[in-house]
Amino acid sequence: MMTSPREHMIDWLKDAYAMEQHAESMLKAQASRLEHYPKLKQRIEQHIDETLSQQKLLEQCLDRLNSSPSTIKNLAARAAAFGQALGGMTVTDEVVKGSMASYVFEHIEIAAYTTLIAAARAAGDAETQRCCEQILPQEVEMARWLHDNLPDVVTAYLARSAGERDDAKR
């Protein structure tokens, strides 16, 4: 049995929704623990708002396609984010590892939306294509911001850590 471009696109939309659920959990956990890196915390909080808007757009696409997010994928994404958050709490360089993980995750999102745009085009679904084209630049911008600011986060962490300061970790 062959799978149509539309069926693949719907499956990938469900994956993207689960991915955004994971991002929301991960970003909220990270932001809640950041105390001494206000610039990073502010940018993460901005991206949480973007992530919530992205979830709404994806829900609208799935609704329009008579589908819904996968409960199992969403639960798995939330469990993974929770595990990642717990793991981050135990490392002494949490702010650095969290920033690195966020940078990698943004690139996964960029790949997912690039894929979805092509799939929507192939399926002839201009509305899904438009939604994904609206989301993609937000992910690209967050990845760019992390890329540009990661050296400052690392430098601040290293300076605080070298001074054995309590505010280095987060």
Side-chain angles (χ1 to χ4, degrees), residues 11-62 68-116 131-132 134-170:
D11 190 44
W12 295 338
L13 280 168
K14 290 177 183 182
D15 290 344
Y17 185 82
M19 176 181 67
E20 294 301 348
Q21 294 271 296
H22 177 87
E24 176 190 354
S25 298
M26 185 177 68
L27 291 168
K28 283 181 175 177
Q30 192 176 10
S32 73
R33 290 191 311 275
L34 281 174
E35 300 166 25
H36 305 288
Y37 298 84
K39 188 176 172 185
L40 177 60
K41 181 176 180 135
Q42 179 199 6
R43 186 61 180 96
I44 288 172
E45 288 173 342
Q46 177 188 336
H47 199 55
I48 290 168
D49 291 339
E50 292 170 346
T51 298
L52 294 171
S53 295
Q54 293 165 0
Q55 287 175 17
K56 286 188 179 97
L57 285 172
L58 294 169
E59 283 175 17
Q60 291 167 0
C61 287
L62 287 166
S68 61
S70 167
T71 304
I72 292 170
K73 284 181 183 175
N74 291 342
L75 288 174
R78 287 190 181 273
F82 181 70
Q84 186 173 353
L86 284 179
M89 294 169 72
T90 62
V91 296
T92 58
D93 56 353
E94 176 183 358
V95 68
V96 174
K97 298 268 176 62
S99 296
M100 289 170 55
S102 293
Y103 182 72
V104 169
F105 196 79
E106 289 305 319
H107 284 84
I108 292 168
E109 291 179 308
I110 290 166
Y113 290 112
T114 301
T115 298
L116 273 166
C131 286
C132 294
Q134 183 178 336
I135 294 170
L136 179 60
Q138 294 173 341
E139 305 299 1
V140 169
E141 177 54 27
M142 185 63 185
R144 186 202 60 74
W145 190 93
L146 287 164
H147 176 268
D148 293 349
N149 287 272
L150 189 56
D152 292 340
V153 169
V154 171
T155 302
Y157 168 79
L158 290 172
R160 291 172 179 169
S161 179
E164 296 184 14
R165 292 172 48 182
D166 292 337
D167 62 352
K169 179 178 175 176
R170 47 173 101 109

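Every heavy atom of this structure was used, including side-chain atoms; hydrogens, water molecules and symmetry mates were not. Predicted model only: the values in this text are computed from it and were never measured.
Applying the salt bridge (charged side-chain N to carboxylate O under 4.0 Å, His left out) rule to Lys39 yields no partners; only residues at least two apart in sequence or on another chain are considered. Glu59 pairs by the side chain to side chain contact (heavy atoms under 4.5 Å, CB included) definition with Tyr17, not counting sequence neighbours. Partners of Cys61 according to the side chain to side chain contact (heavy atoms under 4.5 Å, CB included) rule, which considers only residues two or more places apart in sequence or in another chain, are Leu13, Arg64, Thr128, Cys131. Take Leu150 and apply the side chain to side chain contact (heavy atoms under 4.5 Å, CB included) test, not counting sequence neighbours, and it matches Ser99, Met100, Val154. Every residue two or more places apart in sequence or in another chain was checked for a side chain to side chain donor-acceptor pair (under 3.5 Å) with Lys56, and none qualifies. For Gln60, the side chain to side chain donor-acceptor pair (under 3.5 Å) criterion is met by no residue, not counting sequence neighbours. Residues forming a side chain to side chain donor-acceptor pair (under 3.5 Å) with Asp152 (at least two apart in sequence, or on another chain): none. Partners of His107 by ring-ring contact (aromatic ring centres under 6.0 Å, His included), not counting sequence neighbours, listed by chain and number: Tyr103.
Within the structure, every pair that satisfies the salt bridge (Lys or Arg N to Asp or Glu O under 4.0 Å) test and touches residues 42-52, not counting sequence neighbours, is listed here: Arg43-Glu50.
Side chains of Asn149 and Leu40 form no contact here, defined as non-hydrogen atoms less than 4.5 Å apart. Using a 4.5 Å cut-off on side-chain heavy atoms (C-beta onward), Lys28 and Glu24 make contact.
A distance of 6.5 Å separates SG of Cys132 from CG of Leu58, quoted to the nearest 0.5 Å. Remark: His22 NE2 to Ile108 CD1 distance equals 8.0 Å, nearest 0.5 Å. For the atom pair Lys41 NZ and Gln30 CD, the distance stands at 10.5 Å (nearest 0.5 Å). Here Gln134 contributes atom CD and Tyr113 contributes atom OH; the two are 11.0 Å apart, rounded to the nearest 0.5 Å. In this structure, the separation between CD on Gln55 and CG on Leu62 is 11.5 Å, given to the nearest 0.5 Å.
Scanning both residues, Ala23 and Glu109, for their nearest heavy atoms gives CB-OE2, 3.7 Å. Nearest heavy atoms, Tyr37 versus Tyr157: OH-CA, 3.4 Å.
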Residues 135-146, side-chain donor-acceptor partners within the protein, below 3.5 Å, at least two apart:
| from | atom 1 | to | atom 2 | distance (Å) |
| --- | --- | --- | --- | --- |
| Gln138 | OE1 | Gln54 | NE2 | 2.7 |
| Glu139 | OE1 | His47 | NE2 | 3.1 |
| Glu139 | OE2 | Gln54 | NE2 | 3.2 |
| Glu141 | OE1 | Arg144 | NE | 3.0 |
| Glu141 | OE2 | Arg144 | NE | 3.4 |
| Glu141 | OE2 | Arg144 | NH2 | 2.5 |
| Arg144 | NH1 | Asp148 | OD2 | 2.3 |

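In this structure a side-chain-to-backbone donor-acceptor pair under 3.5 Å is present from Arg160 to His36.
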